[in-house]
Amino acid sequence: MQQHIVSAFTDELDQLSATLLRMGGMAEAMIRDACKAVVKGDTELAKTVIRRDAELDKLESECERGAVRVLALRQPMASDLRMVIGAIKLAGTIERIGDLAKNVARRSIKLDDSATKASMRGVKTMGKAVSRQLKSALDAYGRRDARAALEVIRQDDDIDSHYNALLRLMLSYVAEDPEQIDSRANVLFIVKNLERIGDHCANIAKVVHYIATGKQVLSEAEIALLASNASSED
Amino acid sequence: MASATPLITPVVRAERTDNPIKIDCRNINVFYADNQAIHDISLLIPDRAVTAFIGPSGCGKSTFLRCLNRMNDTIDIARVDGKIMMDGADINDPAIDPVLLRSRVGMVFQKPNPFPKSIYDNVAYGARIHGLASGKSDLDRIIEKSLHRAGLWEEVKDRLAAPGTSLSGGQQQRLCIARAIAVNPEVILMDEPCSALDPIATARIEELIDELRERYCIVMVTHSMQQAARVSQRTAFFHLGKLIEVGDTETIFTNPTNQRTQDYITGRFG
Amino acid sequence: MTDAQPPKSTSPFGSEAAIARLKDRHAAERRFKLYGQLAIGIALSALFVLAYSIISNAAPAFTKHEIVFHLTLDAETVAPNGVEDTQATASNISGFYSLIQDDLRETFPEAATERQLRRELYALVTRLAVLDIARETAETPALIGTTKRFTAPLSDDLDLYLKGGITARRTLTVGQAGRLSVLESGLYSLSDSGPDGFPEFKAKIETDTAADSSVLIRLQDAWFRLEAHSGAMLTLTHLAGALPQLGEQQSAEISALVLFVAQANRAVSDRQIAWAILLQEKGRIRRKQNFDLLTKADSTYPELAGAAAAIVGSIFTMLITAFFAIPVGILAAVYLEEFAPKNRLTNMIEVNINNLAAVPSIIFGLLGAAVFLNFFGMPRSVPLVGGLVLGLLVLPTVIIASRAALKSVPPSIRTAALGLGASKTQAVFHHTLPLAAPGIMTGAIIAMARALGETAPLLLIGMVAFVNEVPTGPDQESTALPVLIYKWFSGAERAWEPMTSAVIVILLVFLILMNLVAVLVRRRFERRW
């Protein structure tokens, strides 16, 4: 994209993007570390994840300030306007992802050894899928790639099926051994949090799509339509 | 978001207008001597709405505006081709007298240009030459109504005999609007009406334009994209004598179709 | 200036070199200011010298001397054809002049004897000077038979002499008179009352006067000319006035008047000067304001001449010029500026109008003579033709000034009117022209002022003719102020010189008035936009 005539404007928008990508990278790392802490039972790692959330909050408010500043001083129009509005939404969403990652880390501390290998494996794959999902969404944002964003939205279904599988597994464990319910519930919440992160990734992708095209993604049908259009454009 | 947009849309039609079309411009070309200033522009202008023309300097937006009341006739070397249909008649028809056309299509200029006469005479002038008033009291009524509509009545009602040039810049511009309204036009053309005014006066004029929109078809040229965004319902973007994009103002300013429009309104024009 | 001056090198606004350059620049600025003031000074002093010389030259012409007569208008002399024939009475110059002659002869009986002396005496008053008396008498026949006081202008050269012109002069005291005796040759001799024979006076005469200067001697009421001063006696010729008793003069005071210019070199004789002095002493010559300059028409005699015909002629000419040039000029300008298409033809017209403004005025005179006089057969010397010629002359100026004024009206006013649906003509006549009016009027008045001062074209259409009647209409023979200046300036008599300057002053007053009107019009009607 061409530079603005006022170069400081471009710089400010780039700065905003950079901050968002940093937040995204941080959230990604938090998800990964939180899952590792769950699987490995690493309390120290879990604590660092919890600590990092505060930093993420700080970045979010920085991002919001930057966006307000651009709105007030530059009166962005069209794609720039969408980019700034999107940045505010994305910052909020990523911060929320950070909170969920922190929750996962907290739950990991409360887990005892009684957790089964199968459930740990499930958490591990799901964590990987979710962080990959976030990475794809952020990549789409970095490239303003509407098609990649649509892909991310569709992939949310995979995470949902992961979640459903794990949920069923957990329920069968509880049925087998109701005394272990506390521990199982913790795992259940962890999985639920990961699923929420996946949803937020889809939200990020929707915002990215809006930034790139100016069109809002509303329903499943619409996504399907847009996706088929996008692929027919090649 | 369908197929790839061509760089220049040859015919851009209004896609969504709730109001009926007032002016239908078809394939307008304007030449200054051998120079083509306007290239084949077709445009629909809705009634009772503000249509803003934006674009960089020299893009032909003022020239196009001046086609709408045949002000280009006053320039010897200018030649206008194409049809401009207003209420079913082509205004470029030689049978139509530009003088009568201009009584239906008023114009407000960039610099406030009141006549060096009293406020009263300024507003009365158009009504007088078109014989709109049947007597003194009728004329008084027209003047009061016009000044009211221009939002100037309260400020000047006690000094109608004062020269129009003694008013402030913003008041002068509103006087010019009142003067245009007094002729009872259907269309009001405004050529950068706020470019010589301070922000407060500009805001007043913008508020006024928003009120006038309920009665008139308003076409305005502006250099300020923010102004176009604030007051217009439809925006047309001109570049190098061509109409690049026209659409609802909201669409143009949030999600323009054409890359050049996008570059211009985001301040990237190279 | 405080003693804590900042050191130069630490000046925050530049290096030392920059400060030095600045000094040069300030010096250059002062220098150019000085040049400008010098230029203004030169212009002002030239103007001052011009005004001073004209006004001081003209000053004598604003007063003139008159001789007072008490004339008994007996019917036989003044109205030989009867009282009813006023026409004859009014033109009976010889009759009235004979009354004047009689009166002068009675006053100075010493001149009555010789024809030559009589002619000299009668020259004090011009024949035509009685014209006013004759007219007055003709208008009120009741005057006939009565004795009435009349005045007649003194001859121009004596008038000038009395105003201090013609010759340098000096009064001397001679001494006290002894005996006055008549010699065989008809001359008189006068001795000193003492034994010395006027030694101081003689010494002064020897040293101060040239050989051909006239020395007039005054004894009692009589004037003598000093012919020789041998020994104790002065040898004298009687010029004028009652001779005193011959013999002992009882030490009466003798005075002398030295006229440095020789009698042969001046237009007035010693005798006429003596008469004039005597009349002045009797109170019969008095100086008064010369209103004749403004009320009388031209004459061949400067003492009778006035500029009235020229003033009225100029006014008629200006009216014709204004009525012709201003409307035509404005319409032409409006058409060219507002309506004419810009093409090769209008460009050519424009260039030619500009060129016409620079064409020498005499060419317009030739054109006027060829077209108006020869082709249309209009009469010569009339303000109608003069006005038309001058109108043609200033037409380009009016057009150019009007176009400039129209151009200076901001185009926004025009577009505003057009945008309201005014037609082009309405826009021009309702808005552009009223706004341009002060400029147009100023230009027109200045063009009129130029026309007022033009001489050459008027010479060629015969407005230089001698006009002794004040014209009453633009179709009557007349002259104009600048032409009158030209004519009077070439007059032979000395008296024309101050008269010429006086007319120049009148012309200048007219010009100043017109320019004043131009300024006032501009002030009054100028509007801001």
Side-chain angles (χ1 to χ4, degrees), chain A residues 1-14 16-17 67 70-89 144-147 149-150 206-218 221-234, chain B residues 1-7 9 12 15-16 52-59 194 199 202-203 206 222-240 244-270:
Chain A
M1 193 172 271
Q2 229 177 334
Q3 289 271 314
H4 287 91
I5 295 164
V6 181
S7 59
F9 189 6
T10 309
D11 292 348
E12 280 168 27
L13 288 178
D14 288 351
L16 206 54
S17 284
V70 169
L71 281 176
L73 302 187
R74 310 287 178 195
Q75 287 108 37
M77 290 284 190
S79 62
D80 296 336
L81 181 63
R82 300 199 303 265
M83 147 84 206
V84 174
I85 297 298
I88 294 171
K89 281 176 115 176
R144 308 279 189 276
D145 188 340
R147 193 131 44 99
L150 286 175
K206 281 178 186 171
V207 173
V208 169
H209 186 267
Y210 173 72
I211 290 174
T213 65
K215 301 236 164 41
Q216 279 168 330
V217 186
L218 299 170
E222 222 171 16
I223 295 164
L225 180 72
L226 286 171
S228 69
N229 276 340
S231 54
S232 72
E233 252 173 52
D234 297 321
Chain B
M1 201 63 215
S3 55
T5 325
L7 215 54
T9 352
V12 189
E15 286 161 19
R16 277 191 287 153
F53 292 174
I54 59 169
S57 290
C59 66
C194 301
T202 302
E206 285 175 1
T222 174
H223 263 140
S224 159
M225 281 175 291
Q226 277 75 24
Q227 184 173 57
R230 285 191 298 263
V231 299
S232 73
Q233 284 71 54
R234 289 187 66 75
T235 298
F237 171 60
F238 288 72
H239 181 46
L240 296 176
I244 305 297
E245 185 168 353
V246 60
D248 287 347
T249 300
E250 192 194 320
T251 315
I252 293 282
F253 285 100
T254 55
N255 189 20
T257 312
N258 191 285
Q259 184 61 42
R260 279 203 241 182
T261 317
Q262 163 88 16
D263 285 351
Y264 181 70
I265 61 174
T266 55
R268 286 188 172 84
F269 218 76

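Chain identifiers are assigned alphabetically (A, B, ...) following the order of the sequence lines, protein sequences preceding nucleic acid strands; residue numbering begins at 1 within each chain.
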Which residues share a side chain to side chain donor-acceptor pair (under 3.5 Å) with T202(B), sequence neighbours left out: none

S7(A): which residues meet the side chain to side chain donor-acceptor pair (under 3.5 Å) condition with it, sequence neighbours left out? none

To the nearest 0.5 angstrom, please state how far the CG atom of D263(B) sits from the OG atom of S79(A). 8.0 Å

Main-chain N/O of I5(A) paired to R268(B) side chain as donor or acceptor, under 3.5 Å: no

Out of curiosity, Q216(A) CD to N255(B) CG, how far, rounded to the nearest 0.5 Å? 10.5 Å

Just how far is it from atom CZ of R82(A) to atom OG1 of T266(B), taken to the nearest 0.5 Å? 10.0 Å

Decide yes or no for Q75(A) and M225(B): does some side-chain heavy atom of the first lie under 4.5 Å from some side-chain heavy atom of the second? no

Got a second to check how far T254(B)'s OG1 is from D80(A)'s CG, nearest 0.5 Å? 12.5 Å

